[in-house]
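The next block holds one structure in the form of structure tokens; read it before the comments.
What's counted below: heavy atoms across the whole structure, side chains too, no hydrogens, waters or symmetry copies. Bear in mind that the values here come from a model prediction, so they are computed numbers and not experimental data.
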Amino acid sequence: MEFAEIAGRILLASLVAVIFIVVLAMFVRRLLGVTVGLGRIIVAGVLGLGAEVVFESRFIWQDPDASWQLIPVQIGIVLLVASLFLMLAELVIPTGTIVRPDKWVTSTRNRLARTRRYSEVTRIALSHGLLPARRPNLANTAQAAEDRTTAGRSLRMALQESGVTFVKFGQVLSTRPELFPTEYIDELSKLQQNVAPEPWENIREVITAELGMELEEAFAHVDPEPLAAASIGQVHTARLHGGEVVAVKVQRPGVQPLVERDLDIALRMAQTLEHSTEWGRSLGLYKVAEGFSQSLRDELDYELEAMNIQALRTTSLQYPETERVGIPEHYPRMSTKRVLVMEMVAGHTLSEPGTVERYSDTVRKAQASALFRSLMHQIMDDGVFHADLHPGNIVLRPDGSATLLDFGSVGRLDAELRELISEVLLAFYRGDSRTIADALLSMVPIPEDFDELLLRRELSHFMSRHMGPGAELKAEVFTLLVGLLAKHRLAVPAELTLAFRAVAVLEGTLRLLAPGFDLLTEAKEYGETRLRSSLRPSSITEALNNEVLTLLPMLRRLPRRIDTLTGDLESGRLSINMRLLAHPQDRKLLVSLVHEGILTFLAGVTGIMATILLVNGGGPMVTSSMSLFQLFGYTLVAVASVFILRVVFDLFRRRKGD
């Protein structure tokens with residue numbers, strides 16, 4: 001055989017293989033409704049061709065009378081076997097779950113690191129008796145309370161030993177008394193991480209790399225000794241060339257990949273506990289972990305924190321002098337994702353011993369009122385609020401004024417949600433359960449079998465118990481309210497939960513700052529002030545102007561629409577159109593069911609026809625052992641099998657929620 005002839009055959013075979021793979025990919029995409037990778041297509045093609053070769057060796061190679069009429073059966077065998085393989089592969093291992101060969105090394109390294117860390121966390125949990133996971137004993141007995149205290153202490157020690165991510169997770173859980181008993185909350189509230197400062201050489205490298213200049217070019221002086229050290233970053237005092245004293249917040253080198261690894265483990269553990277335990281499902285652990293993960297990722301981005309500082313600083317200037325708190329200035333040109341330079345705030349945080357005692361009762365009450373009213377303005381008027389006002393994030397300056405710190409946790413609300421949350425908070429402080437229920441029900445999806453009357457009765461009882469005469473407003477009240485809504489399967493918006501949490505955290509801070517400060521009375525006075533302000537002629541005029549501006553486009557269109565309506569009525573053309581299945585999900589489900597019904601019907605009809613043809617066996621002989629009717633029967637068997645494969649694939653895919 002000539003070389004040119006061999007090369008021509010190889011080229012022809014390659015061309016046929018490429019065409020076959022393209023046709024197979026198009027066929028499978030139309031059949032399964034998904035795009036599959038080239039690797040799977042090649043494997044499926046090899047299996048299909050292998051099955052076809054087995055068929056040829058049985059019916060064609062040994063039969064000299066075999067004719068070209070068998071080609072449809074051969075094609076059907078290839079497509080049927082290839083489609084069956086791809087369907088099973090897509091159900092068992094969906095596309096995208098297998099790592100590409102060029103990423104095997106990185107993926108294997110990451111998987112091994114995650115496995116080692118997972119083993120370490122599991123060992124810590126086992127050593128503290130946390131595995132197997134058990135629901136806390138909620139019995140109202142002394143022994144049960146002691147058991148809960150012991151279990152809470154074990155959980156705190158395990159989280160503290162597991163590192164930064166788990167410590168912060170525990171700190172978030174300590175603000176959720178609706179999820180855990182009081183004994184757990186008390187223990188989790190003690191979570192502190194004693195972290196040694198990062199060596200100055202490493203911090204210097206981070207600053208230099210982030211700012212793109214030598215340290216001496218950016219600062220006149222930087223104190224190598226940190227002012228404060230935390231698990232994610234540390235703060236150094238510095239002086240700019242212009243003489244301003246600043247605080248330089250620097251993220252620890254290498255902390256981001258460690259946090260991402262631990263967040264992945266925390267999410268996996270939360271998902272496992274939610275799927276395998278009843279108490280994990282009742283607590284909604286996976287959603288809690290997801291919210292925590294997003295919050296911690298935001299905390300790692302100092303550019304986002306700088307944006308939060310600027311937003312709060314801009315809005316705070318609009319408040320009255322007595323309702324304003326300080327927001328430090330930051331330096332945008334010297335701030336990056338891992339370095340944040342801001343004004344150095346002179347004074348002491350409320351968490352430092354002896355800070356509160358330095359000031360008179362009058363000053364402390366004035367600052368407590370300013371802090372509360374400032375947060376209310378942030379939530380109700382601006383839609384940007386500091387969500388973590390614990391004592392360590394509030395500084396009292398030498399003149400007694402309060403200044404906020406640490407803007408990594410900041411909530412944001414759109415105008416509509418801000419108005420609804422304002423209604424909820426003001427009604428809450430007035431003890432108006434009816435308005436609370438109305439506002440809440442307008443912002444959450446309602447379950448099908450929801451008992452609205454029962455919720456209103458329980459809300460009324462809740463308000464009379466916690467907000468009635470003689471009641472003392474405590475942080476738990478907000479979280480208990482969220483727990484009450486969750487009991488009725490109302491998906492409370494995360495923004496509302498965050499706003500409640502911000503008020504609850506501030507309530508604890510205000511009790512430390514001014515023990516005699518009556519938050520409930522202050523809240524009612526604030527609500528009355530807002531009401532009086534809204535009833536002023538200028539406020540009413542402004543509100544009317546806003547409403548008119550909102551309605552103006554509608555009013556402009558109204559005459560034309562009335563004219564069209566009366567014209568249709570006069571001429572007898574007036575009709576009413578109602579759309580059934582208006583929701584896209586309903587239409588999608590109906591189309592899917594009809595599609596599957598048609599395919600099932602076609603598969604049944606084709607299968608019956610194939611059976612009749614195979615049993616009949618009439619017609620001319622195509623091979624020595626197969627008639628033409630049997631050939632048609634085998635072809636229809638392949639067609640019916642393809643229809644059935646598609647129906648089965650759709651059923652499994654819907655069951656998985658795809």
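Every ring-ring contact (aromatic ring centres under 6.0 Å, His included) that His377 has, sequence neighbours left out, goes to Tyr319, Tyr526. With sequence neighbours excluded, the residues satisfying side chain to side chain contact (heavy atoms under 4.5 Å, CB included) with Asp361 are Arg364.
Judged purely by distance below 3.5 Å, without hydrogens or angles, the side chains of Arg252 and Asn202 never pair a donor atom with an acceptor atom. Between the side chains of Thr150 and Glu146, no donor-acceptor pair of N or O atoms lies under 3.5 Å. Looking only at atom types and distance, the side chain of Ser360 has no donor-acceptor partner in the side chain of Thr362 under 3.5 Å away.
With a 4.5 Å cut-off on side-chain heavy atoms, Gln367 and Tyr359 do not count as touching. The shortest side-chain heavy-atom distance between Val503 and Ile379 falls under the 4.5 Å cut-off. Taking 4.5 Å as the limit, some side-chain heavy atom of Leu296 sits within range of a side-chain heavy atom of Ile232.
Checked by atom type and distance alone, the side chain of His348 never pairs as donor or acceptor with a backbone atom of Pro353 at under 3.5 Å. Side-chain atoms of Ser374 do not come within 3.5 Å of backbone N or O of Leu371 as any donor-acceptor pair. Looking only at distances, a side-chain donor or acceptor of Asp399 sits under 3.5 Å from a matching main-chain atom of Ser401. No side-chain donor-acceptor contact under 3.5 Å links His386 to the backbone of Asn308. Between the side chain of Ser369 and the backbone N or O of Ala366, no donor-acceptor pair lies under 3.5 Å. Distance alone, capped at 3.5 Å, is enough to place a donor-acceptor pair between the His241 side chain and the Glu217 backbone. The closest donor-acceptor contact from the side chain of Thr509 to the backbone of Leu389 lies under 3.5 Å.
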Stepwise, does the side chain to side chain contact (heavy atoms under 4.5 Å, CB included) test hold for Val384 with Thr315? CA-CA 8 Å; Val384 182; Thr315 56; 5.5 Å; no

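Phe372 and Leu506 make their closest contact through CA-CD2, 3.8 Å (heavy atoms, listed as atom of the first residue, atom of the second, distance). The two residues Ala158 and Ile124 have their closest heavy-atom pair at O-CG2, 3.7 Å. Pairing each heavy atom of Phe385 with each of Gln378, the nearest pair is CA-OE1, 3.2 Å.
The environment of CD in Glu357 is crowded: more than 12 heavy-atom neighbours from other residues, nucleotides or ligands sit within 6.0 Å. Atom CE of Met344 sits in a crowded spot, with more than 12 heavy atoms from other residues, nucleotides or ligands closer than 6.0 Å.
The one candidate from Glu305, Glu343, Glu299 that meets the salt bridge (Lys or Arg N to Asp or Glu O under 4.0 Å) condition with Lys249 is Glu305.
A salt bridge does not link Arg116 to Glu120: none of the charged side-chain nitrogens sits closer than 4.0 Å to a carboxylate oxygen. A salt bridge is defined here as a Lys NZ or Arg NE, NH1 or NH2 lying under 4.0 Å from an Asp or Glu carboxylate O, and Arg268 with Asp264 meets this definition. Taking a cutoff of 4.0 Å between a charged side-chain nitrogen and a carboxylate oxygen, Glu183 and Arg156 do not qualify as a salt bridge.
Atom OG of Ser335 and atom CE of Met307 lie 13.0 Å apart (nearest 0.5 Å).
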